[in-house]
*Asks:* 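One structure coming up, written as structure tokens, with questions to follow.
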Amino acid sequence: MLGVGMGYAAEPLLEDLKSVDPVRHGEAVARSAEFFNCNPNLAGLALGATARAEYEALPGAQIARFRTALCSPLGAMGDELFWAGLVPALVGAALVGVVLGAGWWAIVGFILVYNGIRLWTSYWSLRTGMASGMRVGTAIGASWLPRAIERVGPAAAFAIGAAIPVVAAWYLRPFAFSAGLGAAGVLMAGIALTRWFAPFLTTVRFALAAMIFLLVLRRVGV
Amino acid sequence: MTELTAQVLVSLLIWGTLVGLDLVSVPQAMISRPLVAGTVAGWLMGDVEAGLRIGVIFELFALDVLPVGAVRYPDYGPATIAAVTLAAAAPWELSLGLSVALGLVLAVVGGWSLQIVRRLNARAIQRRAAALAAGESNAIRRLQYGALLRDAARGLILTLLGIVLASTIKAMVHLDRQTAVALTLVAIGTALAAAVNGAVRSSGRSARLKWLLAGAGVGVLLAVLA
């Protein structure tokens, strides 16, 4: 659906073309809604660049090829920056915050910081795409984006690394030491089995299987 | 307040619809993250503690899979809301396990529902292929709004299904204390396994792994001091 979403977002950008060249406008709208896939936060780069290319009256086939070529790099960079970087970094920090007593504030902070960064990135993407057109690749290379991707990965790893023991202690503190050992046993078994039997045995399947196994054991009186 | 009044039910359904929409459609503002979805659901139910406990545990599960490329992933948003409905007003040590079991099943169903919505969207695009090729703005708009409606309906149905199941389980399933605690411990152990798996997989053998270990060291220290 990202292709249709791009077409929807391109409509106001291509509006001025309607009065100048109505035929070209129809073709441009059709091209803007063709298949497209990338991280939505960086989609503005492709959207702005192709809109500018349409106003520059570049050949349609060239614009379509250019748009297709942008899918993979924008997808990879956006996923690295947001899904593998910013989201786990902020989630890790929010988890630590919640456990250490910040409660609601940790969650509000997560939402505000994430959305502030992503909205600014979307704005920057569209502006940069519109300003650079077919030279958007060079503009991305010279921008803050590659450096941010390099830095956010370690931050995400650190935050998640810190969150896991803190959260574990938060859950296990009210239980006896033997109960903690039991949970640790499930943890070790979960890591080992889901690695050995991947991709069939996902963690969700392992969790459900372990719970059913436990209920059966309790039912038979073990 | 923990009773499921009509007002609370409507609030949860609206929240579940928004959370369902947020995952892939709009606004992708991360309100579909279990930590957010669960805490708000807990607040709506009058039990923020239950919302936080459930939200944090599903957040650990969610860290296992990055929603990148063509990967299929569970939808933890409405599932977390249903789990909070089940866990609210009960001591979390006893209710967490069963709530997580319900939530995981719903998350898997939610993942399947995403595939169904995608197939329906693809069919809608095929039906309007000629109009799209002609660059008709109206066709694009209808497709866009249609897809949003389908996703909103998906979130609403999932949340409603989850709340109905949670209410049924609450009324019919009564576990003894030992079994309930054991289920909770299994839920905690598997959620931690999911988070560790996700963290190690994302780090690979790169410098990220060193940062992960450094973070774990700091986390252990914080856990001891807290």
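The structure displayed is predicted, hence computed values, not measured ones. In what follows, every chain begins at residue 1, and chains take the letters A, B, ... in the order their sequences are listed. For the numbers below, each heavy atom of this structure counts, side chains included, while hydrogens, waters and symmetry mates do not.
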*Asks:* Could you check whether any side-chain heavy atom of B:L212 comes within less than 4.5 Å of a side-chain heavy atom of A:F158, counting everything from C-beta outward?
*Replies:*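 They are not in side-chain contact.
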
*Asks:* Is B:L52 close to A:I107 at the side-chain level, that is, under 4.5 Å between some pair of heavy atoms?
*Replies:*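 The answer is yes, as the side chains (C-beta and beyond) meet within the 4.5 Å cut-off.
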
*Asks:* Hey, which of B:V196, B:L60, B:L63 is the one that makes side chain to side chain contact (heavy atoms under 4.5 Å, CB included) with A:I160?
*Replies:*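 Per the side chain to side chain contact (heavy atoms under 4.5 Å, CB included) rule, the option paired with A:I160 is B:L63, out of B:V196, B:L60, B:L63.
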
*Asks:* Using side-chain heavy atoms (C-beta onward) and a distance below 4.5 Å, is B:V100 in contact with A:M211?
*Replies:* yes

*Asks:* For side-chain contact (heavy atoms from CB on, under 4.5 Å), just list the numbers for B:L175 and A:R218, CA-CA rounded to whole Å, side-chain angles, deciding distance to a tenth of an Å, and then say yes or no.
*Replies:* CA-CA 10 Å; B:L175 298 176; A:R218 296 291 302 165; over 6 Å; no

*Asks:* By salt bridge (Lys or Arg N to Asp or Glu O under 4.0 Å), which residues pair with A:R24, not counting sequence neighbours?
*Replies:*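 If we apply the salt bridge (Lys or Arg N to Asp or Glu O under 4.0 Å) test to A:R24, skipping adjacent residues, the hits are A:E54.
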
*Asks:* Using a cut-off of under 4.5 Å for heavy-atom pairs, which of B:L209, B:L213, B:I31, B:V220 has the most such pairs with chain A?
*Replies:*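 Top count of heavy-atom pairs under 4.5 Å with chain A: B:V220.
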
*Asks:* Report which part of B:V65 has an atom under 4.5 Å of a heavy atom belonging to chain A: side chain, backbone, both, or neither.
*Replies:*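 B:V65 has no heavy atom closer than 4.5 Å to chain A.
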
*Asks:* When heavy-atom pairs shorter than 4.5 Å are enumerated against chain A, which of B:D176, B:I57, B:L222 gives the highest number?
*Replies:*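 That would be B:I57.
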
*Asks:* Could you pull out all residues at least two apart from A:N115 that satisfy side chain to side chain donor-acceptor pair (under 3.5 Å)?
*Replies:*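 Here the qualifying residues are A:R118.
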
*Asks:* Testing the basics here: between A:A156 and B:R208, what is the closest heavy-atom pair and its distance to 0.1 Å?
*Replies:*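 Heavy-atom minimum between the residues: CB-NH2, 3.7 Å.
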
*Asks:* Check whether B:T184 gets within reach of chain A through its side chain, its backbone, both or neither, counting any heavy atom under 4.5 Å.
*Replies:*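 Interface part for B:T184: side chain.
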
*Asks:* Could you tell me which portion of B:Y76 (side chain, backbone, both or neither) has an atom closer than 4.5 angstrom to a non-hydrogen atom of chain A?
*Replies:* side chain

*Asks:* Side chain, backbone, both or neither: which part of A:A169 has a heavy atom under 4.5 Å from chain B?
*Replies:* side chain

*Asks:* Where on B:A187 is there a heavy atom nearer than 4.5 Å to chain A: the side chain, the backbone, both, or neither?
*Replies:*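 It is both, since atoms from each part get that close.
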
*Asks:* Which pair of non-hydrogen atoms, one from B:A134 and one from A:A30, has the smallest distance, and what is that distance?
*Replies:* C-CB, 4.5 Å

*Asks:* Which heavy-atom pair separates B:E93 from A:P174 by the least distance, and what is that distance?
*Replies:* OE2-CB, 4.0 Å

*Asks:* Is B:R33 close to chain A through its backbone or its side chain, or both, or neither, when contacts mean heavy atoms under 4.5 Å?
*Replies:*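 The answer is the side chain of B:R33.
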
*Asks:* Does some side-chain heavy atom of B:L192 sit less than 4.5 Å from a side-chain heavy atom of A:Y171?
*Replies:* no

*Asks:* Give, as side chain, backbone, both or neither, the part of A:F82 having an atom under 4.5 angstrom from any heavy atom of chain B.
*Replies:* neither

*Asks:* Side chain from CB out, backbone as N, CA, C, O: work out which of these in B:L183 comes under 4.5 Å of a heavy atom of chain A, or both, or neither.
*Replies:* both

*Asks:* Non-hydrogen atoms of chain A under 4.5 Å away: do they reach the side chain of B:A101, the backbone, both or neither?
*Replies:*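 Its backbone and side chain both get close to chain A.
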
*Asks:* Just checking heavy atoms, which of residues 188-207 of chain A are less than 4.5 Å from chain B?
*Replies:* A:G190, A:I191, A:T194, A:R195, A:T203, A:V204, A:F206, A:A207

*Asks:* Just checking heavy atoms, which of residues 40-48 of chain A are less than 4.5 Å from chain B?
*Replies:*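 Counting heavy atoms that sit under 4.5 Å from chain B, the residues of residues 40-48 of chain A involved are A:P40.
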
*Asks:* Measuring heavy-atom distances to chain B, does A:V99 have an atom under 4.5 Å in its side chain, in its backbone, in both, or in neither?
*Replies:*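 No part of A:V99 comes within 4.5 Å of chain B.
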
*Asks:* Quick one: which of B:V218, B:V105, B:V200, B:L104 has the most heavy-atom pairs under 4.5 Å with chain A, could you say?
*Replies:* B:L104

*Asks:* Is it the side chain or the backbone of B:V48 that comes within 4.5 Å of chain A heavy atoms, both, or neither?
*Replies:* side chain

*Asks:* Find out whether B:L185 and A:L172 are in side-chain contact, i.e. whether some heavy atom of one side chain is under 4.5 Å from a heavy atom of the other.
*Replies:*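 Sidechains of A:L172 and B:L185: in contact.
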
*Asks:* Where does A:W170 contact chain B at under 4.5 Å (heavy atoms): side chain, backbone, both or neither?
*Replies:*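 For A:W170, the contact with chain B is made by backbone and side chain together.
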
*Asks:* Taking side chain as everything from C-beta outward and backbone as N, CA, C, O, which of these in A:V98 sits under 4.5 Å from a heavy atom of chain B? Side chain, backbone, both or neither.
*Replies:* side chain

*Asks:* Looking at B:S203 and A:A157, what are the two nearest heavy atoms and their distance?
*Replies:* OG-CB, 4.2 Å

*Asks:* Which one, B:V24, B:L132, B:T39, leads in non-hydrogen pairs under 4.5 Å with chain A?
*Replies:*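 Heavy-atom pair counts peak at B:T39.
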
*Asks:* How close do B:A199 and A:I164 get, counting heavy atoms only, and between which atoms?
*Replies:*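 Closest heavy-atom pair between B:A199 and A:I164: CB-CD1, 4.3 Å.
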
*Asks:* Which one wins on heavy-atom pair count under 4.5 Å against chain B: A:G153, A:A28, A:G26?
*Replies:* A:G153

*Asks:* Any chance you could measure B:M30, atom CE, to A:L86, atom CG, to the nearest 0.5 Å?
*Replies:* 9.0 Å

*Asks:* Between atom CD of A:E80 and atom OG of B:S202, what is the distance when rounded to the nearest 0.5 Å?
*Replies:*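 Reported to 0.5 Å precision, the distance equals 9.0 Å.
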
*Asks:* Does any backbone or side-chain atom of B:L96 lie under 4.5 Å from a heavy atom of chain A? Answer side chain, backbone, both or neither.
*Replies:* side chain

*Asks:* For residues A:V186 and B:V186, report the shortest heavy-atom separation together with the two atoms involved.
*Replies:*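 Scanning both residues completely, I find the closest heavy atoms to be CG1-O, 3.8 Å.
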
*Asks:* Given a strict heavy-atom distance threshold of 4.5 Å, which part of B:A182 is in contact with chain A: side chain, backbone, both, or neither?
*Replies:* both

*Asks:* Hey, which of A:G75, A:A168, A:G103 has the most heavy atom pairs under 4.5 Å with chain B?
*Replies:*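 Between A:G75, A:A168, A:G103, the count favours A:A168.
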
*Asks:* Heavy-atom distances under 4.5 Å only: say whether B:R118 touches chain A with side chain, backbone, both or neither.
*Replies:* neither

*Asks:* Indicate yes or no for a side-chain donor-acceptor contact from A:Y8 to the backbone of B:Y145 under 3.5 Å, with no hydrogens or angles considered.
*Replies:*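 No; zero donor-acceptor contacts below 3.5 Å.
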
*Asks:* Non-hydrogen atoms of chain A under 4.5 Å away: do they reach the side chain of B:L66, the backbone, both or neither?
*Replies:* side chain

